[in-house]
Each structure stands twice: as structure tokens, then as C-alpha cells.
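See below for the structure under consideration.
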Amino acid sequence: MKRKSTLVGLVIGLTLLSIACSKSGTATNMSDDDKYKLFYAATKTGDAATITQAGKAIGLVNTDGTPTDYYKKFIDGATAWAQKNIAFVQEINTPEKAKDYVKSHMP
């Protein structure tokens, strides 16, 4: 049940990102795993500005707010990533822990 709510949270965060973003930064040299961790933690904060900032940092949207080609690949991989990274998902289990993670890992 907890894993299902985590996945729902990630999907909600991705949806908020697509609505809230008006421009995008350049994708970083982060690994896909690090991108998922950053975005999961940003979503877990519940803060739309943090979610938007993380989405921009990892290149999910274009400058006009439309999803990049990477956006679909990222979303398609979100569930599989979460299932393989249960320990991380369980570790970042509060908004405070999520904020700390984002703060220390945002490029």
C-alpha cells in the first residue's frame, strides 16, 4: 500500500511539473538514477516550486513548458525505478527529509 501511494505521489508530481513549468534548464550530466532520486524527493516535498526547479534541472520540459522527448522516457521508467529503489523511497519518507535531499543534490 505504501509503495502504491509513493508511485501515485510521483505521478502527481510529474503532472504538477507539466502544468507548472514555463521553461526548462539544460539536462545535467546526472545519471538517470540520480535524476529519479532528485525528482522523487522534490515531489515528496509537496512544494510546486521545488518540483518545477527539479524538473527544469533534469530537462523534462522545453522553454515553452512543453515536455521534452526525455519526459516520456522518464515517466515510462518511473514505476520500474521506484520498484527497484524501495530503500531510497522508504528513506525519503517525510517532506523534511525530502527537502534536505533536494537541497544537497540539486545541481
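Since we're looking at a predicted model, the values are computed, not measured.
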All heavy atoms of Thr45 vs all of Ala42, minimum pair found to be OG1-O, 2.6 Å
Of all heavy-atom pairs linking Ala54 and Phe39, the shortest is CB-CD1, 4.0 Å
When rounded to the nearest 0.5 Å, the distance separating CG of Asp69 from CG of Leu60 is 12.0 Å
For Asp32, the side chain to side chain donor-acceptor pair (under 3.5 Å) test, sequence neighbours excluded, returns Tyr70
Check the angle between the aromatic planes of Phe88 and Trp81 and answer parallel, tilted or perpendicular using the 30° and 60° thresholds.
perpendicular
Residues passing the side chain to side chain contact (heavy atoms under 4.5 Å, CB included) test with Lys72, sequence neighbours excluded, are Asp76
The complete set of salt bridge (charged side-chain N to carboxylate O under 4.0 Å, His left out) pairs with one or both residues in residues 77-86, sequence neighbours excluded, reads none
Nearest heavy-atom contact between Tyr36 and Phe74 is OH-O, 2.6 Å
Between the CD1 atom in Ile51 and the OH atom in Tyr40, the distance rounded to the nearest 0.5 Å is 11.5 Å
Under 3.5 Å, side-chain donor or acceptor atoms of residues 98-107 against the rest of the protein: list the pairs with distances, not counting sequence neighbours.
residue	atom	partner	partner atom	Å
Ser104	OG	Asp100	O	3.2
Ser104	OG	Tyr101	O	3.2
His105	ND1	Tyr101	O	2.9

On a heavy-atom basis, the closest approach of Ile86 and Gln83 is CG1-O, 3.4 Å
